[in-house]
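Here the structure comes first, spelled out in structure tokens, and everything after it is commentary.
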Amino acid sequence: MRTFFATTALICLAHAAAAETATLRVLGQPVGSGLIQQQKEQPFFENFAENADMDIQVEYLPVDVAGIPDTDGMRVLRTGLFDIVSVRSPQVSRDEPTMLGLDLVGLNPDFAAGRAHTEAFLPTVDAAVQKRFNAKLLGVWPAGPQVIFCKPEIGGLADLQGLKVRVGDQSAAAFVAQFGATGVPMPFGEVQQSLARGVVDCAITGPASANAAGWPEVTTTVLPLALQLAVNGYAINLDSWDRLDAEQQAKLQGAIGALVDSVWAYSEELYQDAMNCNTGQEPCEHGTPYALESAEVTDADIEAVAGALVGSSLPAWTKQCNAVNASCEADWMATVGAKLGL
């Protein structure tokens, strides 16, 4: 009789374990980064089972709430501490420089170019991430055109001479150095106070993110010249991926793909609205109204950004990337470079 009850108990426990809902831990974008995190990413993951049609629960935690530096995204993936990470490509590019090839200064002047170039280079980036960080890249999206906000009044790129500029990656640092500025890498969450205290004079980000983080409260001028698109993405630890069966993998990939498509469209929608909000114009539907001065973008400044790809950002990046990925430059030239006719 004891054997019968023991066996029955074991069977019940086995059935309960089999029926137990799987859980994925997700490290998200910073809350302070704005509406893409608040309106797209967090709702998607909080309703993941419904959105992906999967019996999987998600524990979602923004990176700033978790107290993890956004520069550590790739290392967090490799450890498996989180199953999925919303990777901030500019911030993690020091750990995985192949990422930066998606969005060099001067490469993506608009959303259409950005979509074409990221799709072309994505397989190369995914292969590098799998090899070096035991993770799979599920898709990428843009935070939006990256423009320059400054505490001192500026009239164009030439006025960056002698200023300290917060940059998201080495490509932007190489670009501002052409104008005599010093690029200062800094986590997004530290920028507003650093601008207020004079630790940096200017900082680069998208208008919507700047609005959400209150940058216009501590700056006077925005130069609406798009340097990059700030491409971010979603990656999953390969051990977590391999625990899913083929059907689950397909559903997860499809759901992330739909989220990524939605963010591409939403990012473009937010850009002009945020520019309006930051400079006190209408309509301002999604952000807080401010009264920044908008510096006029000159033909010379537009030409400087366009020329930066071949003149500074591409050479600086290929040297760094080839050091950790021998075929990096060749892979980029065969994909993105071919589209550009380089």
Side-chain angles (χ1 to χ4, degrees), residues 71 89-91 93-94 97-110 113-114 117 121 142-186 188 191 194-195 198-207 209-210 215 219-231 292-323 328-329 332-333 336-337 340-342:
T71 51
S89 295
Q91 284 75 17
S93 60
R94 289 184 181 275
T98 314
M99 282 269 194
L100 198 54
L102 296 165
D103 193 36
L104 298 166
V105 170
L107 174 61
N108 298 319
D110 52 49
H117 296 149
F121 199 54
Q146 302 292 282
V147 299
I148 304 173
F149 295 82
C150 285
K151 190 172 184 178
E153 293 185 8
I154 66 166
L157 292 173
D159 293 336
L160 297 179
Q161 173 73 39
L163 300 183
K164 300 184 293 294
V165 182
R166 179 266 181 177
V167 296
D169 58 49
Q170 307 90 297
S171 178
F175 177 73
V176 299
Q178 294 179 245
F179 302 93
T182 301
V184 181
M186 181 179 295
F188 182 83
V191 177
S194 295
L195 284 165
V199 176
V200 292
D201 305 292
C202 304
I204 299 171
T205 196
S209 294
W215 290 17
T219 54
T220 65
T221 311
V222 57
L223 178 61
L225 179 67
L227 306 182
Q228 296 165 283
L229 285 181
V231 173
L292 289 181
E293 184 70 26
S294 180
E296 183 178 353
V297 177
T298 65
D299 290 342
D301 284 349
I302 293 172
E303 291 172 7
V305 174
L309 179 62
V310 174
S312 62
S313 60
L314 182 59
W317 171 69
T318 53
K319 181 178 180 181
Q320 178 199 17
C321 193
N322 287 343
C328 189
E329 181 178 2
W332 191 92
M333 292 301 295
V336 181
L340 295 170
L342 297 179

Which is it for Met186 and Val199 under the side-chain contact (heavy atoms from CB on, under 4.5 Å) test, yes or no, and what are the steps along the way?
CA-CA 11 Å; Met186 181 179 295; Val199 176; 4.2 Å; yes
Distance in Å, Leu163 CG paired with Thr182 OG1, rounded so as to fall on 0.5 Å steps
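OG1 of Thr182 is found 9.0 Å from CG of Leu163.
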Is the shortest side-chain heavy-atom distance between [X] and [Y] below 4.5 Å?
| X | Y | value |
| --- | --- | --- |
| Ser93 | Trp317 | no |
| Ser313 | Gln228 | no |
| Val191 | Thr205 | no |

Is the backbone N or O of [Y] less than 3.5 Å from a side-chain atom of [X], with the two atoms forming a donor-acceptor pair by type?
| X | Y | result |
| --- | --- | --- |
| Thr221 | Cys150 | no |
| Ser171 | Val105 | yes |
| Ser89 | Val231 | yes |
| Trp215 | Phe149 | no |
| Trp332 | Phe121 | no |
| Arg166 | Cys202 | no |
| Asn108 | Leu102 | yes |
| Asp301 | Leu157 | yes |
| Asp299 | Ile302 | no |

Return the set of residues passing salt bridge (charged side-chain N to carboxylate O under 4.0 Å, His left out) with Asp201 (not counting sequence neighbours), or none when no residue passes.
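Salt bridge (charged side-chain N to carboxylate O under 4.0 Å, His left out) check on Asp201 returns Lys164.
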With a sphere of 6.0 Å drawn around CD of Gln320, does it hold more than 12 non-hydrogen atoms of other residues, nucleotides or ligands?
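Enclosed.
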Polar side chain donor-acceptor pair, Gln146 to Asp103, under 3.5 angstrom:
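Side-chain D/A pair, Gln146 to Asp103: absent.
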Begin from the C-alpha positions of Val297 and Leu223 and carry the test side-chain contact (heavy atoms from CB on, under 4.5 Å) through to its verdict.
CA-CA 7 Å; Val297 177; Leu223 178 61; 4.2 Å; yes
